[in-house]
Amino acid sequence: MTIRIFARKSRGADAGLLLEPIRDKNGKFIVSETKFAEDYIFVDTLQDVVEHIRAGYKVRMKSPRGGPPSLISPSSITIESGSEDV
């Protein structure tokens, strides 16, 4: 099953820009309840990210074109899978 997680930037000059979960320097995705680094939880897979989103966690995301990452709330995130919605 292929999982796709994305959001769209909602404001500013880049409104509508696609955002995707990013990996840190150790290859982990970052989820968190707050913007503070001490609250970050590092997870290995997109399925782990989905589980945290469902539990109310935000996800560090950025555009594939580059730019600074943002912490995106679950209500702004779309989750799709290759075989069915996750």
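Numbering starts at 1 and runs along the sequence shown.
For Thr45, the side-chain hydrogen bond (donor to acceptor under 3.5 Å, both in side chains) partners are Asp48, not counting sequence neighbours. With sequence neighbours left out, Lys35 forms a side-chain hydrogen bond (donor to acceptor under 3.5 Å, both in side chains) with no residue at all. Partners of Asp24 by side-chain hydrogen bond (donor to acceptor under 3.5 Å, both in side chains), not counting sequence neighbours: none found. Contacts of Asp39 classified as salt bridge (Lys or Arg N to Asp or Glu O under 4.0 Å), with partners at least two apart in sequence or in another chain: none. A search for side-chain contact (heavy atoms from CB on, under 4.5 Å) contacts involving Ile41 returns Val31, Val43, His52, Tyr57, not counting sequence neighbours. With sequence neighbours excluded, no residue forms a ring-ring contact (aromatic ring centres under 6.0 Å, His included) with Phe29. Under the rule for a salt bridge (Lys or Arg N to Asp or Glu O under 4.0 Å), Arg11 has no partner lying at least two apart in sequence or in another chain. Taking the salt bridge (Lys or Arg N to Asp or Glu O under 4.0 Å) definition, one finds that Arg4 meets it with Glu80, sequence neighbours left out. Listed by chain and residue number, nothing satisfies the side-chain hydrogen bond (donor to acceptor under 3.5 Å, both in side chains) test with Ser76 (two or more places apart in sequence, or in another chain).
Other residues sharing the hydrophobic cluster of Leu71, ordered by chain and number and joined by side-chain separations under 4.5 Å: none, the residue standing alone. Through direct or relayed side-chain contacts under 4.5 Å between Ile, Leu, Val, Met, Phe, Trp and Tyr, Tyr40 connects to Ile30, Phe42. Through direct or relayed side-chain contacts under 4.5 Å between Ile, Leu, Val, Met, Phe, Trp and Tyr, Leu17 connects to no other residue.
Nearest heavy atoms, Pro69 versus Lys62: CA-CB, 3.7 Å. For the residue pair Ala7 and Ile77, the shortest heavy atom distance occurs at CB-CA, 4.4 Å.
Under the 4.5 Å side-chain criterion, counting only non-hydrogen atoms from C-beta, Leu19 is in contact with Ile72. Lys58 places a side-chain heavy atom less than 4.5 Å from the side chain of Pro74.
Put simply, CE on Met61 and CZ on Arg8 are 10.5 Å apart, with the number rounded to the nearest 0.5 Å.
Side-chain atoms of Ser73 never come within 3.5 Å of backbone atoms of Ser75 as a donor-acceptor pair (strictly under, hydrogens ignored).
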Exercise for the section: Would you check, one step at a time, whether the test side-chain contact (heavy atoms from CB on, under 4.5 Å) holds for Ile5 with Ile53? Expected result: CA-CA 10 Å; Ile5 300 171; Ile53 291 169; 4.1 Å; yes
